[in-house]
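Inspection log for the structure reproduced underneath, given as C-alpha cells.
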Protein chains: 2
Amino acid sequence: MKKVGEPAPKARLLKAAAALLAESNGEPVSTRQITQAARVTAPTLYHHFGDKEGLFDAVVAEGFSEYLDAERGLPASGQPIEDLRNHWDNHVQFGLDHPHLYLVMFGNIRPERRPSMVASAEAFLEEVLARAAAAARLVVSPREAARSMLAANIGVTLMLIAEPAAKRNLELSAMTREAVISAVATDSEGDPTTQTEGTPSVVVAAIALNAALQSSHPDQLSSSELKLFLEWLQRISSRSGS
Amino acid sequence: MKKVGEPAPKARLLKAAAALLAESNGEPVSTRQITQAARVTAPTLYHHFGDKEGLFDAVVAEGFSEYLDAERGLPASGQPIEDLRNHWDNHVQFGLDHPHLYLVMFGNIRPERRPSMVASAEAFLEEVLARAAAAARLVVSPREAARSMLAANIGVTLMLIAEPAAKRNLELSAMTREAVISAVATDSEGDPTTQTEGTPSVVVAAIALNAALQSSHPDQLSSSELKLFLEWLQRISSRSGS
DNA sequence: GTAGCACCTATAGCACTGTTATATGAACCA
DNA sequence: TGGTTCATATAACAGTGCTATAGGTGCTAC
C-alpha cells in the first residue's frame with residue numbers, strides 16, 4: 001500500500017494543476033510551475049498524464065464530474081418546469097464559482113475535445129426534459145429542447161463570467177431562462193395581452209400608456225407622483241407633434 | 001512612397017496571421033510561422049504590433065469590423081421584429097463562416113480583453129432594439145433585451161460551431177431565436193404570444209413612449225417637466241417582480 | 001551634395017516552454 | 001537471489017515569444 005500521510009504524486013499533480021489554473025487568471029500555466037508546486041519532476045507528469053493537455057483534461061474531467069454530481073444532486077420536485085429552472089440556475093452558479101474551469105469546459109471549444117464533456121451535460125438535461133415531456137409540458141422534443149436550453153444557458157453564463165463580478169446582473173439569467181423555457185414548454189397559465197396596433201408616434205404611445213394605467217396602477221410611483229404623471233401624459237396625448 | 005506591387009510588411013503580417021489562424025485548426029500559431037509566411041523577420045512583427053497578442057488583436061479587430069459592417073449593411077426593413085431575426089441569423093452565419101475568429105471574439109473571454117469587442121456588438125444590437133422599442137414592440141428595456149439576445153445568440157453559435165458541419169441543425173438557431181425574441185418583444189400580428197408572468201401592458205406602453213420621446217421632444221412640457229417625466233417613465237418601464 | 005533624422009528591417013541571441021532519451025530507485029514475484 | 005514492472009529523477013532537446021543591437025532606407029535642411 002501507499003503512504004496515507006501524503007497524497008500520491010498523481011493526485012498532487014492534479015491538485016496543483018487545478019489550483020494554479022484557477023489562480024492564474026486565464027494566463028497559461030507552465031508544466032514547470034505545476035511540477036514544482038507538486039514537488040515532482042517533469043517525467044512523472046508525462047508518465048501519468050502523457051501530455052500537458054492530458055493533465056488539463058483530467059482537471060477538467062474532475063471539475064466536470066463535480067458539475068454533474070451537483071446537477072444530479074438536485075431533487076426532482078415533481079414540478080418539471082420548476083426543475084428546469086433549478087438546473088439552469090445551478091449551471092450558471094457553477095460557472096460563476098469556477099470561471100476558469102468553465103471557460104475551458106464550455107468556452108474553449110476544440111471541435112474534437114468537446115463531445116465527452118458537453119454532450120453528457122446535454123444528455124443529462126435531456127433526461128430532465130424527458131420528465132417534463134412525460135408531464136405533457138413540452139412543445140418540442142426533449143432533444144431539441146435540451147440543445148436550445150443548454151446553448152442559451154452557456155451563452156448567458158459566459159456573458160456573466162465576462163463582466164466584473166460587482167456589476168453582474170443576474171436578471172439577465174432569469175430573463176433568458178424564462179424566455180427559453182416558455183418557448184420550449186407550456187406553462188399552465190396563459191396570459192394573452194392584447195396590444196393596440198403599434199405605431200411609433202409619441203401620441204399613440206402616450207394614449208396607450210394612459211389607457212393601460214387606468215386598469216393597473218404601478219407601484220413604482222407614489223400617488224401624488226402618479227397624479228402629476230397622468231396629467232402630463234394627458235397633455236402629451238392631447239395634440240399631435242410627431 | 002512605397003511600392004504598390006506588393007503590400008507593406010505590416011499588411012502582409014496581418015494577412016499571413018489571419019490565414020494561418022484560420023487554417024491551423026485552433027492549434028496555436030507561432031510567430032515564426034507567421035513571419036516566415038509574411039517573408040519578414042521577427043523584429044518587424046514586434047515593431048508594428050508590439051506583441052504576438054497585439055498582432056492577434058489586430059486580426060480580431062479586422063474580423064470584428066467586418067462583422068459590424070455586415071451587421072450595419074443589413075437594411076432596416078421597417079419591421080423591427082423581422083430585423084431582429086435578420087441580425088440574429090447574420091450573427092450565426094458570421095460565426096459559421098469564420099469559426100476560429102469567432103471563438104477568439106466571443107468564446108475566448110479574458111475579462112479585460114473583451115469589452116471593446118462584445119460591448120460594441122451589444123451596443124449595436126441595442127440600437128436595433130431601440131427601433132423595435134420605438135415601434136412599441138418591446139416589453140423590456142432595449143439594454144436588457146440586447147444582452148439577453150446576444151447571450152443566447154453567442155451560445156447558439158458556439159454550439160453550432162462545435163458540432164461537425166455535416167450534422168449542423170440550424171433549427172436550433174431558429175428555435176432559440178424565436179424563444180428570445182418572443183420573450184423580449186410582442187408580435188403585433190395578433191399573435192397570442194404569452195408574456196412571462198403577466199407583464200402588464202403598462203410596461204409595454206411605457207417603454208414604447210420612452211423610445212418615442214428619444215427622437216421627438218414634445219413642446220407641451222417644459223424641459224424641467226420633461227426631465228422628471230422621463231425619470232418616472234424610466235421607473236415604470238423597469239419591471240418590478242422577477 | 002551630405003548631414004542629420006526618423007522610420008523600418010535584419011542578425012543573433014536570451015530565457016523559457018513542452019517534451020523525452022536515459023538512468024535510477026523501489027516493489028513484487030520467481 | 002535475480003528479473004520484471006512501475007514510478008521517479010537527471011539532463012538535454014527543439015521550438016517558443018521576445019529583444020538588444022545594428023544596419024539600411026527615405027526624407028528634409030543646409
Side-chain angles (χ1 to χ4, degrees), chain A residues 1-62 100-101 103-104 108 110 112-113, chain B residues 1-62 100-101 103-104 108 110 112-113:
Chain A
M1 292 295 290
K2 289 156 191 172
K3 283 192 289 186
V4 258
E6 188 172 45
K10 183 171 180 177
R12 268 185 291 160
L13 276 169
L14 262 177
K15 193 173 171 183
L20 287 175
L21 214 55
E23 295 166 14
S24 174
N25 246 16
E27 280 111 57
V29 179
S30 75
T31 58
R32 280 170 172 79
Q33 294 178 52
I34 297 173
T35 54
Q36 185 170 333
R39 301 192 314 283
V40 156
T41 52
T44 79
L45 189 162
Y46 293 91
H47 174 70
H48 286 292
F49 300 98
D51 219 342
K52 182 190 187 181
E53 200 165 316
L55 171 57
F56 281 33
D57 283 357
V59 171
V60 168
E62 215 180 32
H100 312 95
L101 210 58
L103 284 181
V104 179
N108 221 8
R110 268 188 293 256
E112 292 308 323
R113 183 77 40 189
Chain B
M1 293 298 291
K2 289 152 191 172
K3 284 191 286 186
V4 256
E6 188 170 45
K10 182 171 182 177
R12 268 183 294 160
L13 276 169
L14 263 176
K15 193 173 172 184
L20 287 175
L21 215 54
E23 295 166 14
S24 174
N25 247 15
E27 282 111 56
V29 179
S30 75
T31 58
R32 279 170 172 78
Q33 292 178 52
I34 298 173
T35 55
Q36 184 170 335
R39 301 191 313 283
V40 156
T41 52
T44 78
L45 189 163
Y46 293 91
H47 174 70
H48 287 293
F49 300 99
D51 220 342
K52 183 192 186 179
E53 199 165 318
L55 171 57
F56 281 33
D57 283 357
V59 171
V60 168
E62 213 179 31
H100 312 93
L101 210 57
L103 283 181
V104 180
N108 221 8
R110 269 188 292 255
E112 292 308 323
R113 183 77 40 189

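The sequence lines fix the lettering, A, B, ..., with proteins before strands; numbering per chain opens at 1.
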> At their closest point, which heavy atom of A/His100 faces which heavy atom of A/Asn25, and how far apart are they?
Replying inline: NE2-OD1, 3.1 Å
> Closest heavy-atom contact between A/Leu14 and A/Phe49?
Replying inline: CG-CZ, 3.9 Å
>> Quick check against the 3.5 Å criterion: does B/Thr35 have a side-chain atom that pairs as donor or acceptor with the backbone of B/Thr31?
In response: yes
>> Any side-chain to backbone donor/acceptor pair from B/Lys52 onto B/Val29? Under 3.5 Å, distance only.
In response: yes
For the pair made of [atom1] in [X] and [atom2] in [N], what is the distance, rounded to whole Å?
X	N	atom1	atom2	value
B/Lys10	C/dC8	NZ	P	8 Å
B/Leu20	D/dG17	CG	P	12 Å
A/Lys52	C/dC16	NZ	P	16 Å
A/Phe49	C/dT19	CZ	P	13 Å
B/Ile34	D/dG15	CD1	P	17 Å
B/His48	D/dT19	NE2	P	16 Å
A/Glu27	C/dC16	CD	C1'	16 Å
A/Gln36	D/dT8	CD	P	18 Å

> Which listed nucleotide (C/dC8, D/dG17, D/dA7) is nearest to the side chain of A/His47?
Replying inline: D/dA7
> Which of these nucleotides, C/dT20, C/dT9, D/dG17, is closest to any side-chain atom of B/Tyr46?
Replying inline: D/dG17
>> Taking CD in A/Gln33 as the centre, count heavy atoms belonging to other residues, nucleotides or ligands within less than 6.0 Å. Is the count above 12?
In response: yes
> Is there a side-chain contact between A/Val104 and A/Leu101 (heavy atoms, below 4.5 Å)?
Replying inline: no
> Going by heavy atoms in the side chains, are A/Ile34 and A/Phe56 under 4.5 Å from each other?
Replying inline: yes
Please write out each protein N/O paired with an N/O of nucleotides 10-13 of chain C under 3.5 Å, distance rounded to 0.1 Å.
unit_1: C/dA10; atom_1: OP2; unit_2: B/Thr41; atom_2: N; d: 3.0
unit_1: C/dA10; atom_1: OP2; unit_2: B/Thr41; atom_2: OG1; d: 2.7
unit_1: C/dA10; atom_1: O5'; unit_2: B/Thr41; atom_2: OG1; d: 3.4

> When the nearest nucleotide of DNA chain C is assigned to A/Ser30 and to B/Pro9 on a heavy-atom basis, which residue is associated with the more 5' position?
Replying inline: B/Pro9
